[in-house]
**Student:** 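Got a structure for you, written out below as structure tokens; questions coming shortly.
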Amino acid sequence: EGTKTLTLDDSGLKYENTNTENKPAFELIEMGINVRDSVYEEGEDSLRLWQTVDRKKLFESEIYASKEGNRVSVSGYWIFSDRENGVIKNTPDTLLDVTGVLIDFINNPLRDAEVKITSVEIGYSAGRIYRDVEHKLVSVSPAYKISTETGAYYMYDALSGNFLYAYKNGEIIY
């Protein structure tokens, strides 16, 4: 007989169902995660999804689900809010050109000396707060995410060009 376990810490979650025929998407729906209104990448036995604001990724709110045999495992961060409209967006008419952000990335001391950029995405960011507190209300702003071949990524505010944080070697660095 299988078991279901769910562990929550702030906005982080880990879930496992050891006896299910469900695909990962159906397991997430049963958990109350709105898969249909998310941006997602789907494999045969895996699903990665992000919450969205204006149909663009909210970078800090990502879940990965996979299935192996009858076991479905889910982990990630999802922003749950006590308010009906718990995400406030700050969106001006004009965003900073990505060229300036890329120049700042080249000069970023956290960047590895020789690294290839694999993608530059525009989406939304909750900045530094998303994993540190329980959320009543989350303010998000447009952001550029620069991903590299090493798996690291660097977040920049798309309004000011300010560096927000880097994710390298499994750690968030401010």
Side-chain angles (χ1 to χ4, degrees), residues 3-18 23-25 27-28 31-35 38-53 56-69 71-81 87 98 101-135 138-158 160-174:
T3 61
K4 292 182 182 181
T5 58
L6 174 65
T7 306
L8 298 171
D9 59 358
D10 296 329
S11 54
L13 64 94
K14 288 186 181 179
Y15 169 84
E16 186 173 80
N17 185 348
T18 60
K23 290 187 172 188
E27 202 71 28
L28 290 171
M31 290 173 61
I33 304 287
N34 190 344
V35 175
S38 303
V39 172
Y40 63 91
E41 296 170 358
E42 190 169 18
E44 190 169 323
D45 290 319
S46 66
L47 181 68
R48 175 164 277 144
L49 62 125
W50 294 263
Q51 279 177 294
T52 60
V53 176
K56 295 213 180 323
K57 288 179 186 177
L58 177 52
F59 291 121
E60 293 88 6
S61 194
E62 174 183 352
I63 289 183
Y64 178 74
S66 63
K67 182 172 184 177
E68 188 175 314
R71 177 187 307 252
V72 170
S73 299
V74 176
S75 63
Y77 294 88
W78 204 251
I79 296 175
F80 296 98
S81 174
V87 175
V98 72
V101 173
L102 289 169
I103 290 169
D104 189 60
F105 171 74
I106 290 168
N107 296 311
N108 190 323
L110 297 176
R111 176 183 66 83
D112 294 327
E114 297 294 322
V115 70
K116 290 182 184 174
I117 294 173
T118 56
S119 69
V120 178
E121 297 177 82
I122 184 74
Y124 284 88
S125 175
R128 299 176 178 200
I129 67 155
Y130 74 103
R131 293 185 185 183
D132 299 334
V133 295
E134 291 183 25
H135 304 291
V138 176
S139 178
V140 298
S141 294
Y144 288 112
K145 179 181 180 183
I146 301 172
S147 300
T148 68
E149 67 182 347
T150 64
Y153 60 84
Y154 302 78
M155 299 293 296
Y156 287 87
D157 187 299
S160 66
N162 290 336
F163 171 70
L164 297 172
Y165 62 89
Y167 181 81
K168 289 178 65 173
N169 304 319
E171 288 186 62
I172 295 177
I173 304 164
Y174 299 108

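FYI, side chains are in, hydrogens and waters are out, and symmetry mates aren't considered; it's all heavy atoms of this structure.
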**Student:** Using every non-hydrogen atom in the two residues, find where S75 and K14 come nearest and quote the distance to one decimal.
**Tutor:**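 Here S75 and K14 meet closest at CB-CG, 4.2 Å.
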**Student:** For K57, enumerate each residue passing the side chain to side chain donor-acceptor pair (under 3.5 Å) test, keeping only those at least two apart in sequence or located in another chain.
**Tutor:**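 Side chain to side chain donor-acceptor pair (under 3.5 Å) check on K57 returns E121.
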**Student:** Would you say CG of N107 has more than 12 non-hydrogen atoms from neighbouring residues, nucleotides or ligands within 6.0 angstrom?
**Tutor:**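 Enclosed: over 12 neighbouring heavy atoms sit under 6.0 Å from CG of N107.
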**Student:** Looking at every non-hydrogen atom in both residues, tell me the closest pair between M155 and A143 and how far apart they are.
**Tutor:**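 For M155 versus A143, the nearest heavy atoms are CE-CB, 4.0 Å.
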**Student:** Quick check: closest heavy atoms across Y174 and L164, and the distance to 0.1 Å?
**Tutor:**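 Distance-wise, the nearest heavy atoms are CD2-O, 3.7 Å.
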**Student:** Where is the tightest heavy-atom contact between W50 and F59, given as atom of each residue plus distance?
**Tutor:**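 Looks like CD1-O, 4.0 Å.
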**Student:** How many angstroms lie between atom OH of Y165 and atom CD1 of I173, to the nearest 0.5 angstrom?
**Tutor:**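 Here the rounded value is 12.0 Å.
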**Student:** List the residues meeting salt bridge (charged side-chain N to carboxylate O under 4.0 Å, His left out) with E27, not counting sequence neighbours, and say none if there are none.
**Tutor:**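 For E27 there are no salt bridge (charged side-chain N to carboxylate O under 4.0 Å, His left out) partners, ignoring immediate neighbours.
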**Student:** How far does NZ of K23 sit from NZ of K67, to the nearest 0.5 angstrom?
**Tutor:**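 Here the rounded value is 9.0 Å.
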**Student:** Which residues pass the side chain to side chain contact (heavy atoms under 4.5 Å, CB included) test with E16, sequence neighbours left out?
**Tutor:**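 By the side chain to side chain contact (heavy atoms under 4.5 Å, CB included) rule, E16 matches T5, T18, R71, S73.
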**Student:** Cut-off 3.5 Å, no hydrogens considered: what does the side-chain donor-acceptor table look like for residues 109-119, sequence neighbours left out?
**Tutor:**
from: R111; atom 1: NE; to: F105; atom 2: O; distance (Å): 3.2
from: R111; atom 1: NE; to: I106; atom 2: O; distance (Å): 3.1
from: R111; atom 1: NH1; to: A113; atom 2: O; distance (Å): 3.0
from: R111; atom 1: NH2; to: I106; atom 2: O; distance (Å): 2.7
from: D112; atom 1: OD1; to: K168; atom 2: NZ; distance (Å): 3.2
from: T118; atom 1: OG1; to: S147; atom 2: O; distance (Å): 3.2

**Student:** Closest heavy-atom contact between Y77 and I63?
**Tutor:**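 Residues Y77 and I63, closest heavy atoms: O-CG1, 4.2 Å.
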**Student:** Would you please name every residue forming a side chain to side chain donor-acceptor pair (under 3.5 Å) with S38, sequence neighbours left out?
**Tutor:**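 Partners of S38 by the side chain to side chain donor-acceptor pair (under 3.5 Å) criterion come out as none, since no residue qualifies.
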**Student:** Over 60° means perpendicular and under 30° means parallel, so tell me whether Y167 and Y153 are parallel, tilted or perpendicular.
**Tutor:**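 Because their plane-to-plane angle is under 30°, the rings of Y167 and Y153 count as parallel.
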**Student:** Heavy atoms only: give me the nearest V72-P24 pair and the separation to one decimal.
**Tutor:**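 Closest heavy-atom pair between V72 and P24: CG1-CA, 4.4 Å.
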**Student:** Evaluate the side-chain proximity of L49 to I33: yes if any heavy-atom separation is below 4.5 Å, no if none is.
**Tutor:**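 SC-SC contact between I33 and L49 confirmed.
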**Student:** With no hydrogens and no angle check, is any side-chain donor or acceptor of E60 less than 3.5 Å from a backbone partner on A126?
**Tutor:**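 Looks like yes, one N/O pair under 3.5 Å.
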**Student:** Let me confirm one number: the OH-CD1 distance from Y156 to I146, rounded to the nearest 0.5 Å.
**Tutor:**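 Y156 atom OH to I146 atom CD1 measures 5.5 Å (nearest 0.5 Å).
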**Student:** Looking at side-chain heavy atoms only, is the closest gap between Y64 and E41 below 4.5 Å?
**Tutor:**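 With C-beta onward as the side chain, the pair stays apart.
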**Student:** CG of N108 to OH of Y154: how many Å apart, nearest 0.5 Å?
**Tutor:**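 Going from CG on N108 over to OH on Y154, the span is 6.5 Å.
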**Student:** Does CD in E149 sit with more than 12 non-hydrogen atoms of other residues, nucleotides or ligands closer than 6.0 Å?
**Tutor:**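 Counting other residues, nucleotides and ligands, CD of E149 exceeds 12 neighbours.
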**Student:** Name all residues meeting the side chain to side chain contact (heavy atoms under 4.5 Å, CB included) criterion together with A158; count only those two or more places apart in sequence or in a different chain, and write none if there are none.
**Tutor:**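 With neighbours one apart ignored, the set is L95, I122, P142, Y144.
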